2 protein chains.
Amino acid sequence: MAGERESHDSVRDLLDPRRMLVFAEVARFGSLAGAAQALGWTQPAVAQHVRRLERDTGCTLVVRTSRGVTLTEAGHSLAAHAEAITARLRAARADLSALTDLRAGRVRLSAFPSACATFVPAAIALLWERAPGLDVRLTEAEPDEARRLLAAGDADLAVTFDYDNVPDASTQTARIKLFDDTMLLVVPPAHRLAARSDIDLAAATDQRWIAGCPRCRAHLTAAAAGCGFLPDIRHSTDDYVVTQTLVAAGLGIALLPALALEAARDPRVETVELHRHTPRRVSLTSPPDIPPSPATRALTSALVEITAPRRMRTLPG
Amino acid sequence: MAGERESHDSVRDLLDPRRMLVFAEVARFGSLAGAAQALGWTQPAVAQHVRRLERDTGCTLVVRTSRGVTLTEAGHSLAAHAEAITARLRAARADLSALTDLRAGRVRLSAFPSACATFVPAAIALLWERAPGLDVRLTEAEPDEARRLLAAGDADLAVTFDYDNVPDASTQTARIKLFDDTMLLVVPPAHRLAARSDIDLAAATDQRWIAGCPRCRAHLTAAAAGCGFLPDIRHSTDDYVVTQTLVAAGLGIALLPALALEAARDPRVETVELHRHTPRRVSLTSPPDIPPSPATRALTSALVEITAPRRMRTLPG
DNA sequence: TCGGCATCAAAGCACAGCTTGGGCCCGCTC
DNA sequence: GAGCGGGCCCAAGCTGTGCTTTGATGCCGA
């Protein structure tokens, strides 16, 4: 109630846009009665609007004639703007329905490297086939970075992974599990572990290790701890191609997810399945509390559908 | 009241533009409370508008966060249109004030030939000096044609003339008298009437005449009838240059208004003032019932001012 | 743990604005 | 020329939109 210093060009002293729409009808029909009929109103209702508009603008807008009304120069000027406003309103509604009908819209996806190299492109292609108007953008990012993007509003959806045995500092996010990604032991050919099947991590107590990203390294450490040893980590790399090269060179062994090996398999290494080793969980993560846009929902569906075979495959396992 | 088949894309199912304006404020401030303050309202009022807008569009437009609201993709789309609408409203008001401030606008003037050749250009120049933004358009037309233009809405103002002794078939028009235009007898040099001064038309009973436009011809006939004779009209022309050429050639004498002689004076003719001859009345004529636009009023003023000396001159006469 | 600032919800009240019912004026038609 | 239809206006009345008030909740920063 205090006399706030108000902006001298506030929205408050704009012309009432509804009267503009009414005036556009008057201009279109050339009579108050015609406009009234178009609006489903009576004639005095329209007359009141026009009168108010003339009062507000301080201009005579129409001249009453025996057969309807004719616009003055000011009236023509105003009618042109009014017509533009109705066009805008139509365009606004059209744009919104384009968004809901997936004829337009943008969705920014973030995914970790091996997902980007395997099922993500197929999901995007599927979505693109269904909704060619969508603007789908992919950013490669490890889970922690992806969560940061989501929180900052720089991504709408993220393909992430996590391990049951690694604590997760995620803020509250909505997550949909896609599938379990089996962890495989990667060893050089003719390695003593290569021949065996169904071993567990305890068999590798004496090995030198090549670790991955911090999260994967934490998983390795935790898993090894579960088997009662501290892994002897000699090298580190995020890159699953580099990891395999290092293994092939005999610098150590590694634990890699099946997805990474599917993305790029070095023929010079061999893989060993581990007995009852916890897989990594691949999930879709959305920002908390903000409802997904139609485009985001469509991308979510595409990703869920594309990964359906992987859920089948790992379910019995 | 019957269920008229209504247009399937009527103005009635457009989004309420006032809500759009409110939403534009919400988008600008990023919070309902901020928008409310800008509008001079309370926060729930704004919240209601946004809710209604979301209901009408069927889209979630904003996400309520702990620190205000953030717009969804649909919200951004809508806000852009809303911003365009506020811009239109501002532009509409600006255009109207440009019209009233004479920074814009159009005025179409019609004037008879000798007026076009004398004071009309000066009046237009005066107006142009005062209001460079105006679009002033001149059409040369005799009074009857001018009145037709006014009635058809093809002219806003007309410079016309009329004679007291000639009946006027004008529909109702608003008229401002500018000045009296003295009628002069035009004779060849060394004509017997040339030497005399202060004669009246009766002195020219025996002359051959060159008549002008129908209206001027009617005036001549009526004036002659007042003096008891029927003029012997041999030639007719609208053009006052032609008239003087014919007079100079000795084909007859003529009655020309002073304005015509001021516009173009053939040195081979002489003029004689007539005693108590009714002048022609030069006036401004406007369309009936339609209020003049600011530009028309300004042109009217300019014409009145420019012709002030002529009123002075003829007043005592 | 508390205060500030944002949100939402429900109820009440005022005024905008549409309707009704009158009247006038013009132009067309019979 | 008179009747009629269709445009306009005015004044009064009532409905419903829409703003305010009041009260409660939730999250962040101190």
Side-chain angles (χ1 to χ4, degrees), chain A residues 1-2 4 10-12 14-23 25-56 60-72 75 151 171-173 287-291, chain B residues 1-2 4 11-12 14-23 25-56 60-72 75 151 171-172 287-291:
Chain A
M1 32 207 72
E4 302 272 332
S10 149
V11 66
R12 300 165 66 179
L14 249 41
L15 294 171
D16 186 329
R18 286 180 314 168
R19 299 191 211 287
M20 297 280 280
L21 299 194
V22 172
F23 190 70
E25 293 298 302
V26 172
R28 195 195 318 277
F29 288 93
S31 82
L32 303 189
Q37 191 182 359
L39 292 163
W41 292 350
T42 58
Q43 179 273 332
V46 176
Q48 283 175 35
H49 276 293
V50 173
R51 236 194 316 279
R52 269 292 298 273
L53 209 47
E54 288 187 318
R55 201 172 69 72
D56 291 348
T60 301
L61 298 174
V62 296
V63 178
R64 279 71 174 174
T65 67
S66 58
R67 215 124 203 96
V69 296
T70 63
L71 271 59
T72 64
T171 63
Q172 70 277 18
T173 50
D289 292 333
I290 99 162
Chain B
M1 28 199 80
E4 303 271 332
V11 65
R12 301 164 66 178
L14 250 40
L15 295 171
D16 186 330
R18 288 180 312 171
R19 298 190 212 288
M20 295 280 279
L21 299 195
V22 172
F23 190 70
E25 294 298 300
V26 172
R28 194 195 320 278
F29 288 93
S31 82
L32 303 188
Q37 192 181 356
L39 292 164
W41 292 349
T42 58
Q43 180 273 333
V46 177
Q48 284 176 34
H49 276 291
V50 174
R51 234 192 320 275
R52 270 292 298 274
L53 208 47
E54 288 186 319
R55 201 173 66 75
D56 291 347
T60 302
L61 297 174
V62 296
V63 179
R64 279 73 174 172
T65 68
S66 59
R67 216 124 204 94
V69 296
T70 63
L71 272 57
T72 64
T171 62
Q172 69 278 17
D289 294 332
I290 98 162

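Being a predicted model, the structure only gives us computed values, none of them experimental.
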Take atom [atom1] of [X] and atom [atom2] of [N], then tell me their distance rounded to the nearest Å.
X	N	atom1	atom2	result
B/L32	D/dC19	CG	P	14 Å
A/E54	D/dC8	CD	P	13 Å
B/R64	D/dA24	CZ	P	22 Å

*Taking only the side-chain heavy atoms of A/A33 (C-beta and beyond), determine which of D/dG7, D/dC10, C/dC8 contains the nearest atom.*
D/dG7
*After noting the C-alpha distance and the side-chain angles of B/E25 and B/V46, does the key distance pass the side chain to side chain contact (heavy atoms under 4.5 Å, CB included) rule?*
CA-CA 10 Å; B/E25 294 298 300; B/V46 177; over 6 Å; no
*Chi angles and distances behind the side chain to side chain contact (heavy atoms under 4.5 Å, CB included) call for A/R52, A/D16*: CA-CA 9 Å; A/R52 269 292 298 273; A/D16 186 329; over 6 Å; no
*Begin with the C-alpha distance, continue with both residues' side-chain angles, and end with the deciding distance and a verdict on side chain to side chain contact (heavy atoms under 4.5 Å, CB included) for B/V26 and B/L32.*
CA-CA 6 Å; B/V26 172; B/L32 303 188; 3.9 Å; yes
_5' priority, DNA chain D, between A/R51 and A/G68 [closest heavy atom]_ = A/G68
*Could you tell me which non-hydrogen atom of A/V63 sits nearest to which non-hydrogen atom of B/P291, and how far apart they are?*
CG2-CD, 3.9 Å
*What does nucleotides 17-30 of chain C look like as a protein-contact string, B for base, S for sugar-phosphate only, - for none, at under 4.0 angstrom between heavy atoms?*
SBBBB----SS---
_What's A/T65 touching, base or sugar-phosphate or nothing? Going by heavy atoms closer than 4.0 Å._
nothing
*Any donor-acceptor pair under 3.5 Å linking the side chain of B/T72 with the backbone of B/L61?*
yes
*Run the side chain to side chain contact (heavy atoms under 4.5 Å, CB included) check on B/R51 and B/Q48 step by step: do they pass?*
CA-CA 5 Å; B/R51 234 192 320 275; B/Q48 284 176 34; 3.8 Å; yes
